Amino acid sequence: MAHENRRAAGGFTRFAALAAVGVVLGASAMVGRRNAPDPSHPGIRRWYRRLDKPGYTPPDAAFGAVWPVLETGLAIGGYRLMRRPAGNARNAALGLWLANTAMVGGWTQLFFRERRLGASAVASGAMIASGAAYTVAAARVDRPAAALAVPFVGWLGFATLLAERIWRDNPSGGR
């Protein structure tokens, strides 16, 4: 039991890792929430509802169900990485973890708030590459952290197809 409470050389303490995950994902969630097409943002909601969307667009409730699961996986993966010994591989994985969590919030800003459909489709594609790089980097340090990122990358693939199609079907940005 005492072994579980010790931190690895250069690894974050449990509290520091939990706090860091909370701050990072909390900030990303706040940005995402600020841009959500829900009743608290009627202008964004009206705009999003007016867009031409493909038949494979999930219902709004599906997005609300999927993202907490994906973010939980990212949170646990980030926590696990932070608890690992410091080193180039761990630091690279953490850097990519940070980049991916920032990109999630940034994407909502581009798509919903700024209504830049083309830029959001390109950003979504970049997130697939970044998410895959994170998964590979995490696998070098902590395989469970990497496994927890796989659904995130899979969802990004679907989201990119959806974003590209919405962009193509709404050349004026839905304005």
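Since we're looking at a predicted model, the values are computed, not measured.
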Looking only at heavy atoms, which two atoms of [X] and [Y] are closest? And how far apart?
| X | Y | answer |
| --- | --- | --- |
| Gly157 | Ile128 | CA-CD1, 3.6 Å |
| Gly32 | Thr108 | CA-OG1, 3.5 Å |
| Leu96 | Asn100 | O-ND2, 2.7 Å |
| Val21 | Ala75 | CG1-CB, 3.6 Å |
| Ala149 | Tyr134 | CB-CE2, 3.3 Å |

**Report entry** CA sep, side-chain torsions, deciding dist, call: Leu51, Leu117, side chain to side chain contact (heavy atoms under 4.5 Å, CB included)
**Finding:** CA-CA 11 Å; Leu51 289 173; Leu117 301 181; 4.3 Å; yes
Single-linkage hydrophobic cluster [X]~[Y], side-chain heavy atoms < 4.5 angstrom:
| X | Y | result |
| --- | --- | --- |
| Leu148 | Val153 | no |
| Ile166 | Val122 | no |
| Trp67 | Val31 | no |
| Val24 | Ile76 | no |
| Phe63 | Trp167 | yes |

Just how far is it from atom [atom1] of [X] to atom [atom2] of [Y], taken to the nearest 0.5 Å?
| X | Y | atom1 | atom2 | answer |
| --- | --- | --- | --- | --- |
| Asn88 | Arg140 | CG | CZ | 11.5 Å |
| Asp169 | Glu164 | CG | CD | 8.5 Å |
| Met103 | Leu98 | CE | CG | 12.5 Å |

Hey, is the main chain of [Y] close enough, under 3.5 Å, to the side chain of [X] for a donor-acceptor pair?
| X | Y | result |
| --- | --- | --- |
| Trp97 | Leu74 | yes |
| Lys53 | Tyr48 | yes |
| Asp52 | Asn170 | no |
| Arg115 | Leu110 | no |
| Thr160 | Ser124 | yes |
| Asp142 | Gly77 | no |
| Ser28 | Leu25 | no |

Answer yes or no: is there a side-chain heavy-atom contact under 4.5 Å between [X] and [Y]?
| X | Y | result |
| --- | --- | --- |
| Arg113 | Ile44 | yes |
| Pro54 | Thr57 | yes |
| Tyr56 | Arg165 | yes |
| Leu162 | Pro58 | yes |
| Val104 | Met127 | yes |

Query - Proximity of Trp155 and Phe158 rings by center, below 6.0 Å - result: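 Yes.
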Query raised in the report: Is it true that atom CZ of Arg143 has more than 12 heavy atoms of other residues, nucleotides or ligands lying nearer than 6.0 Å?
Result: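 Open.
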Requested in this report: Return yes when atom CZ of Phe15 has more than 12 non-hydrogen atoms of other residues, nucleotides or ligands closer than 6.0 Å, and no otherwise.
Outcome: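 It does not: Phe15 CZ has 12 such atoms or fewer within range.
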Report task. Output all residues satisfying ring pair (Phe, Tyr, Trp, His ring centres under 6.0 Å) with Phe111, sequence neighbours left out; order by chain, then residue number. Result ->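 With sequence neighbours excluded, Phe111 shows a ring pair (Phe, Tyr, Trp, His ring centres under 6.0 Å) to Trp47, Trp107, given in chain and number order.
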Query raised in the report: Out of Gln109, His41, Met30, which one pairs with Asn35 under the side chain to side chain contact (heavy atoms under 4.5 Å, CB included) rule?
Result: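 Of the listed residues Gln109, His41, Met30, the side chain to side chain contact (heavy atoms under 4.5 Å, CB included) partner of Asn35 is Gln109.
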**Report entry** Pairs where residues 60-77 contributes a residue and the test salt bridge (charged side-chain N to carboxylate O under 4.0 Å, His left out) is met, not counting sequence neighbours
**Finding:**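 Matches after skipping sequence neighbours: none remain.
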Query raised in the report: What salt bridge (charged side-chain N to carboxylate O under 4.0 Å, His left out) pairs are there with at least one residue in residues 30-47, not counting sequence neighbours?
Result: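 Salt bridge (charged side-chain N to carboxylate O under 4.0 Å, His left out) check on residues 30-47 returns Arg33-Asp38.
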